[in-house]
Amino acid sequence: MPELPEVETVRAGLAPAITEAIITRVEVLDSRSLKRHPGGVEDFRQTLIGSKILGVVRRGKFLWMPLGLPADRAGEKQLALVGHLGMSGQMLLRTPGFEADKLTRVIIGVKAATGEVVEFRFVDQRIFGSLAIDQLEQTADGASGGFSAGVGQGQWWQNLIPSSAAHITRDPLDPNFDINAVLAKFAKKNSGIKRVLLDQQTLSGIGNIYADESLWRAKLHYDQPACSISTPKAKELLEHVRQILADAVLEGGTSFDEQYKNVNGEGGYFAVSLNAYAMTGLPCKRCGHPIKRETWMNRGSHFCPNCQKLKA
DNA sequence: ATGGACACCTGTGGGC
DNA sequence: TGCCCACAGGTGTCCA
């Protein structure tokens, strides 16, 4: 489900509530949600209990929380709790005793800096998402690990990234995003532009919704080879990408159903702004031609066959 | 390098 | 009512 705007909405909801909170309780209801944690359930619990959450950082669709281990376990380990929402993950913040959320897989109880007790609930229908504890390492470029809304400046974890997310490149909302590096990658790729936009090692944060929306705005066909797009046109596409992601963040992301929720269990409002995704058969808002859906890479691609033509 | 298939999963909605 | 199929905001891996 979630792409950058949805994950950022979750990050922005978590950060003020649980930064500096101490983990007091960990309940793993379905160990499949820990499949990316190599140490198993007990190791996961023991590492977290007593640790402090130092911040909430995001790069692309990955979220992580650097951990301050209790004094008796503080060694050379620099660890973070890493979360990915997959297709259907949610991170909810509930007061203890709040009614059970269906499909809850992991509950982490924390005591906030204010003394308030909060339950972090990881809910995930399809279990493509995960929680894991991972080692932090230096970023490839030595700059910040990801986006944390300015929090974490000067902290030991600022320029670190979890090993499991180190292959993810910076996203268009990252202050250190390097547009020229992305344009250079486009120029070397013969693959269709949508495939390239979805490749988290070229630029990160884009998924099926925002890829279709960006291509609609730029009037590009999803299969147009990336290297065949002129640099000015590619720049224009990336500006649309950045704008759409930023606008969607302001709307709290895109919700169609029960799959995407913010930390309070509420949906986002960007769905009303969609022009291509989920618009199959409806008239294109530019030219009136019906939006088409084609099966592509085991998923759907939505586009206007009239204003997004494949060019030779 | 590149494109395709598929695996990981559950739930919902449409057609019959 | 049930059954079967298509479909869903992601990622990773294996194979031609």
Side-chain angles (χ1 to χ4, degrees), chain A residues 1-11 29-38 58-63 82-91 101-105 122-132 162-169 171 185-215 222-228 241 244-245 248-249 251-262 267-271 273-274 276-281 293-302:
Chain A
M1 77 131 200
E3 305 179 35
L4 185 152
E6 293 74 33
V7 180
E8 173 54 25
T9 302
V10 171
R11 191 208 63 75
L29 305 171
D30 193 323
S31 61
R32 291 176 297 177
S33 288
L34 301 189
K35 62 189 164 194
R36 301 218 54 186
H37 180 74
R58 179 191 56 73
R59 179 186 289 206
K61 308 171 198 172
F62 280 79
L63 274 182
V82 183
H84 197 289
L85 301 176
M87 287 281 266
S88 53
Q90 300 174 19
M91 293 178 181
D101 290 289
K102 268 188 250 177
L103 306 169
T104 300
R105 310 298 186 186
F122 184 70
V123 172
D124 191 5
Q125 182 206 112
R126 296 178 72 179
I127 324 184
F128 289 171
S130 61
L131 294 179
S163 305
S164 54
H167 63 295
I168 303 295
T169 53
D171 59 70
K185 287 178 185 171
F186 279 13
K188 287 185 192 159
K189 287 195 186 281
N190 201 30
S191 302
I193 183 63
K194 180 167 173 183
R195 206 188 171 96
V196 174
L197 287 178
L198 292 176
D199 176 3
Q200 308 294 302
Q201 300 187 57
T202 300
L203 75 171
S204 69
I206 304 173
N208 212 26
I209 296 179
Y210 300 108
D212 283 357
E213 291 303 309
S214 305
L215 292 170
Y222 63 85
D223 226 6
Q224 189 72 43
C227 62
S228 75
V241 167
I244 288 169
L245 294 176
V249 168
E251 296 294 332
T254 304
S255 297
F256 301 113
D257 49 27
E258 295 306 302
Q259 294 299 63
Y260 164 66
K261 304 285 186 188
N262 69 12
Y269 295 95
F270 194 70
S273 305
L274 296 177
Y277 188 89
M279 303 297 282
T280 311
R293 176 188 183 279
E294 283 180 3
T295 300
W296 175 85
M297 276 181 66
N298 285 334
R299 55 213 319 200
S301 230
H302 313 74

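All values reported here derive from a predicted model rather than from experimental measurement. Proteins get letters first, then strands, A, B, ... in listed order; numbering begins at 1 in each. Computed over heavy atoms, backbone and side chain alike; hydrogens, waters and symmetry mates excluded.
- Atom CZ of A:Arg126 is separated from atom P of B:dT10 by 10 Å (rounded to the nearest Å).
- Put simply, A:Phe256 does not rest on the base of C:dA8: the two rings are not both less than 5.5 Å apart at their centres and under 30° in tilt.
- Base-pairing analysis of DNA chain B finds the following stems of at least three consecutive Watson-Crick or G-U pairs, with both pairing distances under 3.5 Å: B:2-8 with C:10-16, B:10-16 with C:2-8.
- One interatomic measurement links the two molecules: NZ of A:Lys35 to C1' of B:dC9, which rounds to 7 Å at whole-angstrom precision.
- Taking the six-membered ring where the residue is Trp, A:Tyr210 and A:Phe270 present tilted rings, their angle falling between 30° and 60°.
- Residue A:Asn190 has its side chain nearest to B:dT2 when only B:dT2, B:dC9, B:dA5 are considered.
- In this structure, A:Arg32 places its CZ atom 17 Å from P of B:dA7, rounding to the nearest Å.
- Residue contacts shown for A:Ser191 are limited to sugar-phosphate atoms, with no base heavy atom under 4.0 Å away.
- The nearest heavy atom of DNA chain B to A:Lys188 and to A:Asn298 marks one nucleotide each, and the one closer to the 5' end goes with A:Lys188.
- Counting only heavy atoms from C-beta outward, the side chains of A:Val10 and A:Asn262 never approach each other to under 4.5 Å.
- For A:Gln90 (side chain) and A:Glu258 (main-chain N/O), a donor-acceptor pair under 3.5 Å exists by modelled atom type.
- Counting to the nearest Å, the P atom of C:dA8 and the CG atom of A:Asn208 are 8 Å from each other.
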side-chain contact (heavy atoms from CB on, under 4.5 Å) between A:Leu274 and A:Ile209: does it pass, once the steps are laid out? CA-CA 9 Å; A:Leu274 296 177; A:Ile209 296 179; 3.8 Å; yes

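- Per the geometry, NZ belonging to A:Lys102 stands 9 Å off P belonging to B:dG11, to the nearest Å.
- For the P atoms, the distance linking B:dA5 with C:dC7 amounts to 14 Å, nearest Å.
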As a quick check of understanding, evaluate side chain to side chain donor-acceptor pair (under 3.5 Å) for A:Asp124 and A:Ser88, giving each step before the final call. CA-CA 5 Å; A:Asp124 191 5; A:Ser88 53; 2.7 Å; yes

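- Across C:dC5 and B:dC6, the matching P atoms stand 16 Å from one another, rounded to whole Å.
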A:Arg195 vs A:Asp223, test: salt bridge (Lys or Arg N to Asp or Glu O under 4.0 Å). Steps then yes/no. CA-CA 8 Å; A:Arg195 206 188 171 96; A:Asp223 226 6; over 6 Å; no

What one-letter contact string describes nucleotides 11-16 of chain C from 5' to 3', where B marks a base within less than 4.0 Å of any protein heavy atom, S marks contact via sugar-phosphate atoms alone, and - marks no contact? SS----

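- Across the P atoms, C:dC4 and B:dC9 are found 22 Å apart, a figure rounded to whole Å.
- Summarising the geometry, the separation between CG on A:Asp257 and P on B:dG11 is reported as 14 Å, rounded to the nearest angstrom.
- Both A:Arg105 and A:Met297 lie near DNA chain B, and the one whose nearest nucleotide falls closer to the 5' end is A:Met297.
- If you check B:dT10, C:dG10, B:dG4 against the side chain of A:Arg195, the one that comes closest is B:dG4.
- Every residue meeting the ring pair (Phe, Tyr, Trp, His ring centres under 6.0 Å) condition with A:Phe256, not counting sequence neighbours, appears here in chain and number order: A:Tyr277.
- Comparing B:dT10, C:dG10, B:dC6 against the side chain of A:Gln125 picks out B:dT10 as the nearest.
- Taking atom P in both C:dT11 and B:dG11, one finds a spacing of 22 Å when rounded to whole Å.
- You'll find the side chain of A:Met91 reaches within 4.5 Å of the side chain of A:Leu63, heavy atoms only.
- Counting to the nearest Å, the P atom of B:dC8 and the CG atom of A:Asp124 are 16 Å from each other.
- Between A:Asp171 and A:Arg58 there is a salt bridge, with a side-chain nitrogen of the basic residue lying less than 4.0 Å from a carboxylate oxygen of the acidic one.
- A donor-acceptor pair shorter than 3.5 Å can be found between the side chains of A:Ser301 and A:Lys194.
- Following rounding to the nearest Å, A:Lys194 (NZ) and C:dG10 (P) show an atom-to-atom distance of 9 Å.
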